[in-house]
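To start, the structure under review is shown below, and the notes come after it.
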2 protein chains.
Amino acid sequence: MKWNELHEDACPVARGLSVIGDRWTMLVVRDCFMGIRRFDQMQQRLGITRHVLADRLRKLEADGVLRREAYQERPLRYEYRLTDKGKALYPILVTLIDWANTNMPVEGGPSVVLTSRATQDPIRPKLIDAETGEEITTRSVLAVPNADQSD
Amino acid sequence: MKWNELHEDACPVARGLSVIGDRWTMLVVRDCFMGIRRFDQMQQRLGITRHVLADRLRKLEADGVLRREAYQERPLRYEYRLTDKGKALYPILVTLIDWANTNMPVEGGPSVVLTSRATQDPIRPKLIDAETGEEITTRSVLAVPNADQSD
DNA sequence: CCGACAGGGTTCCGATATGGAACCCTCTCT
DNA sequence: AGAGAGGGTTCCATATCGGAACCCTGTCGG
């Protein structure tokens with residue numbers, strides 16, 4: 001299996017990673033969630049090379065995660081915004097933040113914390129089944145190969 | 001910012017990605033959750049080169065996500081198992097699966113579905129705050145820079 | 001009219017990382 | 001002795017990345 005074949009892979013983990021499993025992509029997405037929309041801002045914040053950033057933005061647009069929009073004409077300037085598909089990545093980002101804050105603490109405490117917009121209280125994410133409300137753990141939930149597929 | 005500096009970065013997203021933000025790592029972790037423990041099995045399933053697989057396993061062990069354990073002596077053979085820190089990645093994996101199944105459907109339906117171990121019913125993951133039970137969305141929860149830090 | 005600057009890129013080159021295949025080492029089995 | 005199994009390592013060609021320079025459209029100040 002090569003990296004560029006992942007896009008078509010039967011496994012959803014592989015397909016998902018073909019979009020966001022790259023070194024920089026989730027950092028770009030993070031910035032988008034933080035309201036960063038412009039090339040130069042991203043480039044400065046990330047310290048990524050302009051070349052690679054341009055490439056990632058193109059791919060994210062092609063994958064439907066970002067949308068490129070002119071925010072002015074003359075001179076023509078573009079900004080990047082999350083599409084609905086991109087916004088749907090929020091749970092992944094939040095879960096990742098929680099994992100890192102819990103499992104890779106850094107001295108001086110976390111630089112970013114999850115906070116309720118309404119109450120300003122800190123948030124501790126928990127994954128449940130939308131139907132039953134049961135918590136999702138390795139013990140309660142199984143990722144199983146679908147019946148009519150061969151993996 | 002270079003890739004190998006991410007490990008120490010103040011941002012939890014960056015720190016998390018320094019561990020799992022690599023092309024292959026989450027696929028290795030996926031296999032571990034599926035009960036795959038041995039080098040050759042992984043290598044065959046992933047189609048990754050042995051070289052890269054050995055490197056990823058070493059890194060995951062160094063990062064405390066996997067633990068290498070001898071399952072026999074004479075000849076000495078090792079297998080890899082998730083540590084608690086590794087098991088804590090489950091919500092990320094589940095959320096990723098759900099995102100891909102929803103946003104990157106593949107013809108013939110998903111090859112892997114999330115299922116309740118108890119009832120065999122399909123699971124639809126939902127992220128809530130452990131305290132209030134409120135759903136976590138871009139509207140309800142903010143990832144804010146911590147007070148006593150400059151990002 | 002000229003030079004400087006903004007914003008969003010592209011080009012080029014040397015350094016890393018990845019893909020593919022072969023090889024190695026320690027046992028066991030026949 | 002020869003053929004695996006299991007878990008690697010080595011070598012080389014190709015792909016991707018990091019760094020820095022350059023380009024293009026248009027604005028602004030003098």
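Lettering follows sequence order; numbering is per chain, from 1. As a basis for the values below, the full set of heavy atoms in this structure was taken, side chains included, without hydrogen atoms, waters or symmetry mates.
Among pairs with a residue in residues 103-143 of chain B, none fulfils ring pair (Phe, Tyr, Trp, His ring centres under 6.0 Å), at least two apart in sequence or across chains. Residue pairs that meet the ring pair (Phe, Tyr, Trp, His ring centres under 6.0 Å) test with at least one member in residues 53-83 of chain B, sequence neighbours left out, do not exist here. Sorted by first and then second residue, the ring pair (Phe, Tyr, Trp, His ring centres under 6.0 Å) pairs involving residues 86-138 of chain B (not counting sequence neighbours) are B/Phe33-B/Tyr90.
What separates CD of A/Gln41 from P of C/dG8 is a distance of 8 Å, to the nearest Å. Distance CG (B/Leu57) to P (D/dG6): 16 Å, rounded to an integer number of Å. Across the protein-nucleic acid pair, A/Gln72 atom CD and C/dG7 atom P stand 9 Å apart, rounded to whole Å. If you take CD1 of A/Ile36 and C1' of C/dG7, they are 15 Å apart, rounded to a whole angstrom. One atom, CD of B/Gln43, and another, P of D/dG7, lie 12 Å apart when rounded to the nearest Å. Distance, B/Glu79 CD to D/dG8 P: 12 Å, rounded to whole Å. Taking atom CZ of A/Arg23 as the reference point, atom C1' of D/dT16 lies 8 Å away to the nearest angstrom. Atom P of nucleotide D/dG8 and atom CD1 of B/Ile48 are separated by 13 Å, given to the nearest angstrom.
In the hydrophobic clustering, where aliphatic and aromatic side chains (Ile, Leu, Val, Met, Phe, Trp, Tyr) are joined below 4.5 Å either directly or transitively, A/Val144 groups with A/Leu142, B/Val113.
A 6.0 Å sphere centred on CD of B/Glu5 holds more than 12 heavy atoms belonging to other residues, nucleotides or ligands.
For A/Arg58, the side-chain atoms get nearest to C/dT10 when compared with the rest of C/dT10, D/dG8, C/dT18. Across D/dG6, C/dG9, C/dT18, the shortest atom-to-atom separation from the side chain of B/Asp40 is found for D/dG6. Among the nucleotides C/dG8, C/dT18, C/dT10, the one closest to any side-chain atom of A/Arg38 is C/dG8. Nearest nucleotide to the A/Lys2 side chain, out of C/dG20, C/dT18, C/dG9: C/dG20. Here the side chain of A/Tyr80 is nearest to one of C/dG9, D/dG8, D/dG7, namely C/dG9.
Applying the side-chain contact (heavy atoms from CB on, under 4.5 Å) criterion to A/Pro12, with sequence neighbours excluded, gives A/Arg15, B/Ile97, B/Ala100, B/Asn101, B/Ser111, B/Val112. When the side chain to side chain donor-acceptor pair (under 3.5 Å) test is applied to A/Arg37, no partner is found at least two apart in sequence or on another chain. Residues satisfying the side chain to side chain donor-acceptor pair (under 3.5 Å) criterion with B/Ser18, sequence neighbours excluded, are absent altogether.
Under 4.0 angstrom from either OP1 or OP2 of D/dG7 there lies at least one side-chain N or O belonging to B/Tyr71. For B/Trp3, no side-chain nitrogen or oxygen approaches OP1 or OP2 of C/dA15 to under 4.0 Å.
Among the duplex regions that DNA chain C forms, those built from at least three successive Watson-Crick or G-U pairs under 3.5 Å are C:1-30 with D:1-30, ordered by first number.
Panel note: side chain A/Arg77, backbone A/Gln72; no donor-acceptor pair is recorded below 3.5 Å. With hydrogens and angles disregarded, a donor-acceptor distance shorter than 3.5 Å links the side chain of B/Gln43 to the backbone of B/Ile48.
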_B/S/- contact track for nucleotides 20-30 of chain D, protein heavy atom under 4.0 Å_ = -B---BSS---
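In terms of position on DNA chain D, the residue among B/Arg37 and A/Asp22 whose nearest nucleotide sits closer to the 5' end is B/Arg37.
Note on A/Asn4: nothing from the nucleic acid sits closer than 4.0 angstrom, heavy atoms only.
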